[in-house]
Every structure is written in structure tokens, then in C-alpha cells.
**Q** 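Please find one structure pasted underneath; my questions will follow.
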Amino acid sequence: MKIKISNEVKEAIENGKAVVALESTIISHGMPYPKNVETALLVEKVVKENGAVPATIAIIDGVPTVGCSKAEIEHLGKKGLSVTKTSRRDIPVVVSQKADGATTVAATMIFASMAGIKIFATGGIGGVHRGAETTMDISADLEELARTNVNVICAGAKSILDLGLTLEYLETKGVDVIGFCTDELPAFFTRKSGFKVNHRLDTPRDIAKALSAKDELELGGGTLIVNPIPDEYSMDADYIESVIQKALKEADELGVKGKEITPFLLDKIQKITGGESLESNIKLVLNNAALASRIAVELSNLK
Ligand code: PSU
Ligand code: MN
């Protein structure tokens, strides 16, 4: 089984240059068209401006592709929810049926790792859902962080999740949560959550050094690096909490479950806030892409 790596990404990996992996579920299921495509292309531009090579990852016609073309990104964005949201468990059927798959954080980590990419930027990861004590809804993203050596830069997680339980799960699995210039876990739309990160580091170089130490000791697994949304784009905490409550209530009434719940909640939040949350979402993704690129550059300098 082969994965396809674009020439630009292959050349960068072979020469030890900085590369940043990017996911595709955020394109198909995380934002509406055409903002999703615009954002995906803008994210690639920000990665380049910060000295790294972007590698958007998806499954195209059954081929795991590391370094999607502009046309492929456009295709995934237009197809939207009709593309299969592909996490670890979905990969074999999507590939063997020669289908398209938008890769979640978990599946993107898998292909990034196969390609030899260590740094991955996104908006928010999946985690332990509120009410998981009865639903057992815990994202496969957490398990992937435990087993696959790819380091994920995100803005924390949306409080559609139980952030406290998400941190406990990561602790159990031996996944470090490093705050970039913060002691507190950011909650995606807001800079604060009330929960402490495990370590705080204030420079991309210090983060790169920690990731490099993990590799030298062959500890394996990923690290979660959390980067708060820039102050000027952050949302009012009480307002966003009330919106999330409303979205959760509607999901519960409609009986939305399983892999549909996260996309359902993301869409509801965007609709209720009239697009304000979408703008914040875009800004924080760009902010994460810039930080990830700086870490990737430092990591390539350390080698
Ligand atoms: N959270 C967001 N935006 C997203 C996702 C999560 O704020 O786009 C996507 C990511 O691709 C993530 C996936 O990996 O949802 C998690 O889905 P689940 O909760 O079903 O594991
Ligand atoms: Mn789930």
C-alpha cells in the first residue's frame, strides 16, 4: 500500500526542511463552502510565509495523499459533508473502495507519520465529550496522540467537550500538553478554560527542544501544543457557553450521536452566532499554522 507524497513535500522531507501537516475534515466538515477552501489555501500561505512547506492530507480516490493540490482542496471543500469523515477506523474501507476521505486529526497524524512529518497544525482536536461517563464518546484523536509520533498544534478544544476529562485522559495516556506562552488550557474561542496545562514554554525553540528530546529517548507518541486565540479575535466566554448549551440541547433532542455529533455541533454554533464564530475559528487556525511553522523551522535547525 502506497501513500502519495507531492513533489514539493517529498523534496522538503528528503532535505530535512520544515514541513507542517494540515488536516482535511476541518475543510469538509468544519466550515461551510467556500470559506473552507479559502481558509485552507490561506493556511497554506501562512505556513509558507513562516518558512515551512504545507502538506494538506486527505484520501483522494482511495489514495492517501500528503500534499493535496489546490484542485483537490477545492474538490473536498465543495463536496463538504458528503465526503467521508475519515478517522483511523475508516481508512481501510475508504482506501479499498477508492473513495475520497477527509482525514480527522487522528487519520492525518497517521499519514503524516508515514511520510515522516512531525508537526501538524489544526484548529481544535476531538476529546472527551460532555456526558462521556454515560455515552463513552471519546474521540479517537486522543488515542492517536498516545500512539503516533506527530505533534499537534491547536487552540485547545471547544467546550462542546469536557475539557477536564480530556486533560485527564491525555495524562493517563502519557501525552504532554504544552501551553505556548500560557499556563492555562485555551478553550478554542476563548483564551481561558480554568484548567492548567502540564507545561508552559514561551518560545518555539524551547518547544522544538522538548519534541527533539522525546525523539532522542524514543518515547514515541505525540504532544499537544496549545496556542490561545489572539485576544482581538476571542469571543465572550458567557456568550459562547450559552451557544454551546443550545447546540448540545438540540443534538440531544434530535438524538445525534457517534461521528455525526462533532460536525453537527460545529455547524449549529456557526449558525447561532451568525458567522462570528467562523471568523474567530479562521483566525485561530491561521495563528496555529504560523506557530507550527516556527516550531517546524526550529526543529529542522536542531537536526
Ligand atoms: N473540532 C473542531 N473543528 C473540527 C474538528 C474538531 O473544532 O474540524 C474535527 C477534527 O477533524 C477532529 C474531528 O479530528 O473533528 C474529531 O471528531 P470526533 O469528535 O468525531 O472524533
Ligand atoms: Mn466521538
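Atoms within a ligand are numbered from 1 in the order they appear, just like the ligands themselves. This one's a predicted model, so the numbers in the text were calculated from it and none came from an experiment.
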**Q** Please report the C-alpha distance between Thr103 and Glu23 in whole Å, then the side-chain angles of each, then the deciding distance to 0.1 Å, and finally whether the side-chain hydrogen bond (donor to acceptor under 3.5 Å, both in side chains) criterion is met.
**A** CA-CA 6 Å; Thr103 49; Glu23 61 149 316; over 6 Å; no
**Q** Inspect the surroundings of CG in Asn15 and state if more than 12 heavy atoms from other residues, nucleotides or ligands are less than 6.0 Å away.
**A**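 Yes.
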**Q** Please give the N or O to N or O pairs under 3.5 Å between ligand 1 and the protein, distances rounded to 0.1 Å.
**A**
unit_1: ligand 1; atom_1: 7 (O); unit_2: Lys158; atom_2: NZ; d: 2.4
unit_1: ligand 1; atom_1: 11 (O); unit_2: Glu23; atom_2: OE1; d: 2.6
unit_1: ligand 1; atom_1: 11 (O); unit_2: Glu23; atom_2: OE2; d: 3.4
unit_1: ligand 1; atom_1: 14 (O); unit_2: Val105; atom_2: N; d: 2.8
unit_1: ligand 1; atom_1: 14 (O); unit_2: Asp141; atom_2: OD1; d: 3.3
unit_1: ligand 1; atom_1: 14 (O); unit_2: Asp141; atom_2: OD2; d: 2.7
unit_1: ligand 1; atom_1: 17 (O); unit_2: Lys85; atom_2: NZ; d: 3.2
unit_1: ligand 1; atom_1: 19 (O); unit_2: Thr262; atom_2: OG1; d: 2.7
unit_1: ligand 1; atom_1: 20 (O); unit_2: Lys85; atom_2: NZ; d: 2.7
unit_1: ligand 1; atom_1: 21 (O); unit_2: Ser139; atom_2: OG; d: 2.7

**Q** So for atom NZ, which belongs to Lys214, do other residues, nucleotides or ligands contribute more than 12 heavy atoms lying within a distance under 6.0 Å?
**A**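 Yes.
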**Q** What protein N/O/S atoms are there under 2.8 Å from the Mn ion (ligand 2), waters excluded?
**A**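 Per the 2.8 Å query on the Mn ion (ligand 2), atoms found are Asp137 OD1.
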**Q** What pair of heavy atoms forms the shortest contact from Leu291 to Ile225, and how long is it?
**A**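 Between these two residues, the closest heavy atoms are CD2-CG2, 4.4 Å.
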**Q** Would you be so kind as to tabulate the donor-acceptor pairs closer than 3.5 Å made by side chains of residues 57-67, with sequence neighbours excluded?
**A**
unit_1: Thr65; atom_1: OG1; unit_2: Val63; atom_2: O; d: 2.8

**Q** What residues form a side-chain contact (heavy atoms from CB on, under 4.5 Å) with Ser300, not counting sequence neighbours?
**A**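 Per chain and number, Ser300 pairs via side-chain contact (heavy atoms from CB on, under 4.5 Å) with Ala18.
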**Q** Side chains of Asn151 and Thr223: do they bring a donor and an acceptor to under 3.5 Å?
**A**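 Result is yes, a qualifying pair exists.
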**Q** Taking atom CD of Glu218 as the centre, does the number of heavy atoms from other residues, nucleotides or ligands within less than 6.0 Å exceed 12?
**A**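 No, not enclosed.
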**Q** Can Asp90 and Lys259 be counted as an ion pair, charged N to O under 4.0 angstrom?
**A**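 So Asp90 pairs with Lys259 through a salt bridge.
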